[in-house]
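Numbering of residues begins at 1 and proceeds along the displayed sequence. Atoms within a ligand are numbered from 1 in the order they appear, just like the ligands themselves.
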Amino acid sequence: MVKQQELIYEGEAKQIYATDDPALAIIRYTDEATAYKGFKKGTIIGKGVVNNHVSSMAFAMLEENGIPTHFVRRLNERDALVRRAEIIPVNVVIRNVAAGSLLQRLGLTEGQVLRRPIIEYCYKSDSLSDPMINRDHIDALGLATPEEMDQIQALSRRINELLIPFFARYGVQLVDFRIEFGRCGGKIVLADEISPDSCRLWDSKTGEKMDKDRFRRDLDDVENGYQEILRRMTQPVADA
Ligand code: 5GP
C-alpha cells in the first residue's frame, strides 16, 4: 500500500500528491470546473468520480493495447496511482469531427466529419494562453526532440484509433480530445487524463453533448452529462 504524502501540484480540476515511493504519485480528481482560461468557474457535483473512473478505464485499455502510459491503477472513487513523469509542455489535440476552436479558425460547421484526423500542438504556457505551435517551434524552443515528437505523433494517432471504438461501444462518438505526454524511465508515456473534461463526447445517435461543453456553453443538466457517460461505461455491454 502506498502512503499519500504532500501536495506537489494543484491544477484546475486535479491535485497531485507525492507518495512514500518517489517513483509514484496520486492524482485526485476534484469537482472543480473552469473554462475560458479560468474566467468561468464552477463546481460539477460528482465530476471527479466520473473522470477518475472514465480515465482509469481508458488508460487500462490503452496499456493493454501496448501504449506506454503513466497509469498504475485506480485506488478509490477519486484517486488514481500513477508513475511520476517529467511532463513535456506540449498539449496534443486530436480531432475527428469539427467542433470547438476549429470552427472559427477554419470556417467549418460543427459536426462535419474530417476527411482524416487532425493533430494540433499547443505550448503549455498560462502566461501565453497556450498558443498553437508546430514541430519547428517545438524543436526551436527545445520542448521535445524531433525523435520524441515522432513518437508522440505516432502514439497520438494510435491512441485515437483505439479510443474511437472504445467509446463507440458505449454509443459515444469521440469528436476530439486533448492529451499530454511525459518522460518516464527513458520512455515517452501518455500522462494526464482522458475524461469528459478533456474529450468532446457526443451521443452516437442524437449528437447530444456529454462532456465539459455543457458547462462551457451553459447547457442544462451538466452533472447528468457526466453521469450518463459513466453509467454507460459501467453497465454490461450487449454483444453486437
Ligand atoms: P478546442 O481547441 O476545440 O477548444 O478543444 C479541443 C479539445 O481539447 C477538446 O476535446 C477539449 O475538451 C479539450 N480541451 C480544451 N481545453 C482544455 C483544458 O483546459 N483542459 C483539458 N483537459 N482539455 C481541454
- Item | side-chain hydrogen bond (donor to acceptor under 3.5 Å, both in side chains) between D79 and N52, worked out | CA-CA 7 Å; D79 298 341; N52 187 29; over 6 Å; no
- Item | Residues clustered with I26, ILVMFWY side-chain links under 4.5 angstrom | V2, L7, Y17, L24, V72, L75, L81
- Task: Could you tell me whether the side chain of R28 and the main chain of A13 form a donor-acceptor pair under 3.5 Å?
- Result: no
- Heavy atoms under 4.0 Å from ligand 1: which residues qualify? V93, R95, A99, G100, S101, D176, F177, R178, D197, S198, C199, R200, R216
- Message: Assess whether a salt bridge exists between R200 and D176, defined as any Lys/Arg side-chain N lying under 4.0 Å from an Asp/Glu carboxylate O.
- Response: yes
- Item | Qualifying residues under side-chain contact (heavy atoms from CB on, under 4.5 Å), relative to P165, sequence neighbours excluded | none
- Task: Could you tell me which residues satisfy side-chain contact (heavy atoms from CB on, under 4.5 Å) with D192, sequence neighbours excluded, listed by chain and number?
- Result: K14, E180
